[in-house]
Amino acid sequence: MALGPDFAPPHPLEPAAAAVCLALLDLDTRLWIDGGGDGAEAYLRFHTGAPLADAPDEADFAVIADGAMIPRLDSFSPGTDELPERSATLIVQVAGLESRAGEGVWRLSGPGIDGNADLAVEGLRAGMAEELAVNFQRFPRGVDLILCAGARVAALPRTTKVEAL
Amino acid sequence: MTAPATAQDSGYNFAYLDEQTKRMVRRAILKAVAIPGHQVPFGSREMPLPYGWGTGGIQVTASIIGLADVLKVIDQGADDTTNAVSIRRFFARTAGIATTEKTEDATVIQTRHRIPEMNLRDDQIIVYQVPIPEPLRWLEARETETRKMHGLADYGVMHVKLYEDIAKYGHIETSYDYPVLINGRYLMSPSPIPKFDNPKMHEMGALQLFGAGREKRIYAIPPYTRVESLDFEDHPFQVQTWGAVCAICGDGESFLDEVITDDQGGSMYICSDTDHCGRRVVAGHKGPGGPEEST
């Protein structure tokens with residue numbers, strides 16, 4: 001992703017997560033911020049005008065500043081069978097994202113991926129691969145993840161099958 | 001014909017729609033991509049052309065297009081028909097972007113009722129204009145019921161419809177807007193493309209976005225996604241054939257339009273995809289010609 005060199009959101013927000021937020025959030029989206037501290041909250045409130053949700057399950061979008069502290073996925077709204085689009089999108093900052101094979105990486109497959117793709121995700125809370133497998137199972141309900149690290153983005157919609165290698 | 005990027009008309013926001021509307025449409029598109037084949041409601045805006053002229057497709061295109069994009073617009077396969085020309089001009093004026101008639105040069109292709117003959121790549125996006133997004137609408141008029149049927153993946157009624165066709169006519173009558181099942185879950189209308197184009201949707205490299213302006217729905221098929229046309233084991237899905245070749249380029253594989261040439265029953269067949277036909281002519285292919293030349 002090409003971001004201008006002057007784009008410097010306040011700590012703890014990194015450029016990719018902040019850019020995704022600015023592209024998607026506005027006064028129509030309820031936002032829940034986890035571990036953002038005052039800096040992220042004030043910045044996003046000022047620049048997007050998004051109202052804050054009191055609880056994770058009331059949010060359209062959630063910003064998780066530190067992927068190691070992400071709440072359980074089932075604490076967010078998965079929508080309903082008839083209205084699965086009324087589900088949360090989680091913007092999750094992680095320590096590292098890299099497309100590479102190797103031990104401990106995730107093998108991703110599903111719509112949008114030609115065959116499969118290997119993704120190394122660093123700094124995400126343990127047990128996420130299992131929770132993503134549960135999220136995959138309850139299709140069409142489910143939450144969608146946008147993982148961000150620095151200026152990198154990887155989107156994992158509910159249809160993506162995750163296998164930890 | 002390719003037109004380079006020009007200056008955008010003053011007085012319009014980039015690509016006509018205001019930024020908040022574009023964010024709303026983009027959020028709908030993201031959920032549509034995350035739930036392949038599911039129709040996501042969106043706040044369709046009034047556009048400077050009537051419903052039925054591609055307002056849904058235009059709003060989707062307006063929300064995804066950027067300064068570096070090259071836009072191609074086709075109407076029934078042709079680049080040079082009124083609807084295609086006006087929509088291309090609309091974006092050239094309101095976004096100042098480059099436009100093209102060449103399928104391989106386009107990054108965004110907006111279409112009414114055809115898929116280009118050329119295989120699309122995964123750095124391209126195809127946007128379909130959709131009149132009736134609900135494949136079950138002619139079988140069940142109530143939105144509350146069709147929503148429930150999608151929720152439960154209860155699509156028996158569509159199989160009954162196809163079966164009744166076979167019982168009555170000996171084959172499935174539907175020749176366009178032929179229902180498809182996306183990623184094994186959602187029944188979806190492919191928009192009124194001929195069933196000839198259905199196999200191209202399967203595992204297509206390009207992202208496929210569908211916009212219905214009047215019905216206020218957006219849906220999508222991500223790249224490399226399973227798309228099956230409904231059928232029965234003993235009546236497998238088949239596409240139409242013509243037993244004729246294009247009069248201009250001689251192609252017998254592409255989708256052909258029959259053109260009436262006189263009032264004596266004379267007609268000829270030509271490629272529906274004008275870019276495909278033109279490329280073949282440039283490459284030296286020649287058809288049998290029109291009735292004047294062949295007589």
Side-chain angles (χ1 to χ4, degrees), chain A residues 1-2 19-31 47-50 59-61 76-91 108-117 132 135-146 153-161, chain B residues 18-43 63-64 66-68 121-122 143-154 182-187 201-208 217-227:
Chain A
M1 191 161 66
V20 169
C21 289
L22 297 183
L24 295 176
L25 304 180
D26 58 29
L27 55 164
D28 290 332
T29 53
R30 287 162 303 170
L31 173 66
H47 286 286
T48 69
D60 302 307
F61 285 85
F76 299 97
S77 167
T80 64
D81 282 336
E82 289 181 29
L83 301 169
E85 75 277 9
R86 298 214 182 147
S87 47
T89 304
L90 316 185
I91 300 158
L108 311 176
S109 58
I113 300 170
D114 188 8
N116 52 53
L132 283 167
N135 189 52
F136 174 84
Q137 288 289 337
R138 58 180 174 174
F139 189 85
R141 300 190 302 149
V143 298
D144 305 304
L145 271 67
I146 301 177
V153 172
L156 272 68
R158 65 197 75 181
T159 51
T160 302
K161 193 174 180 187
Chain B
D18 61 277
E19 292 305 313
Q20 195 180 345
T21 296
K22 287 197 262 187
R23 271 196 300 273
M24 175 269 294
V25 174
R26 287 171 195 154
R27 289 195 295 261
I29 291 173
L30 280 184
K31 283 301 174 193
V33 169
I35 315 161
H38 171 66
Q39 302 161 51
V40 179
F42 79 109
S63 304
I64 58 169
L67 274 173
R121 307 180 307 260
D122 61 11
E143 171 71 14
T144 47
E145 288 302 307
T146 51
R147 204 172 266 183
K148 217 174 275 174
M149 290 155 86
H150 284 295
L152 301 170
D154 176 8
I182 308 301
N183 200 33
R185 175 57 176 81
Y186 276 99
L187 185 70
M201 304 179 107
H202 178 64
E203 301 278 338
M204 182 192 277
L207 169 64
Q208 305 177 67
R217 294 290 186 278
I218 286 172
Y219 52 100
I221 310 175
Y224 311 114
T225 299
R226 196 151 47 95
V227 178

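Here is the naming used below: chain letters follow the sequence lines, and residue numbers restart at 1 for every chain.
- Remark: R23(B) CZ to T48(A) OG1 distance equals 8.5 Å, nearest 0.5 Å.
- Summarising the geometry of I113(A) relative to Y224(B), their closest heavy-atom pair is O-CB, 3.7 Å, with the distance given to 0.1 Å.
- Here the straight-line distance linking atom CG of D26(A) with atom CE of M24(B) works out to 9.5 Å at 0.5 Å rounding.
- Note: S87(A) leads G79(A), P157(A), S87(A) in heavy-atom pairs under 4.5 Å with chain B.
- R27(B) is not listed as a side-chain neighbour of D60(A), based on a closest heavy-atom distance of 4.5 Å or more.
- For T160(A), no part lies under 4.5 angstrom from a heavy atom of chain B.
- A 6.0 Å sphere centred on CZ of R138(A) holds more than 12 heavy atoms belonging to other residues, nucleotides or ligands.
- If you measure heavy-atom distances from L25(A) to chain B, the contacts under 4.5 Å come from the backbone alone.
- Contacts from residues 29-36 of chain B to chain A, taken as heavy-atom pairs separated by less than 4.5 Å, involve L30(B), K31(B), A34(B), I35(B), P36(B) in sequence order.
- Rounded to the nearest 0.5 Å, atoms CD (E82(A)) and NE2 (H150(B)) are 10.5 Å apart.
- Ranked by heavy-atom pairs shorter than 4.5 Å toward chain A, the options K148(B), R226(B), E203(B) are led by K148(B).
- You'll find the side chain of R185(B) reaches within 4.5 Å of the side chain of P140(A), heavy atoms only.
- Annotation: salt bridge (charged side-chain N to carboxylate O under 4.0 Å, His left out) contacts of K22(B) (sequence neighbours excluded): E19(B).
- No part of L145(A) comes within reach of chain B, as not one of its non-hydrogen atoms sits under 4.5 angstrom from that chain.
- With a 4.5 angstrom heavy-atom cutoff, R147(B) touches chain A via backbone and side-chain atoms both.
- Taking chain B as the reference chain and counting heavy-atom pairs below 4.5 Å, the highest number among L24(A), D144(A), T159(A) is found for L24(A).
- Of the listed residues (M149(B), H38(B), Q39(B), R26(B)), the one with the most heavy-atom contacts under 4.5 Å to chain A is H38(B).
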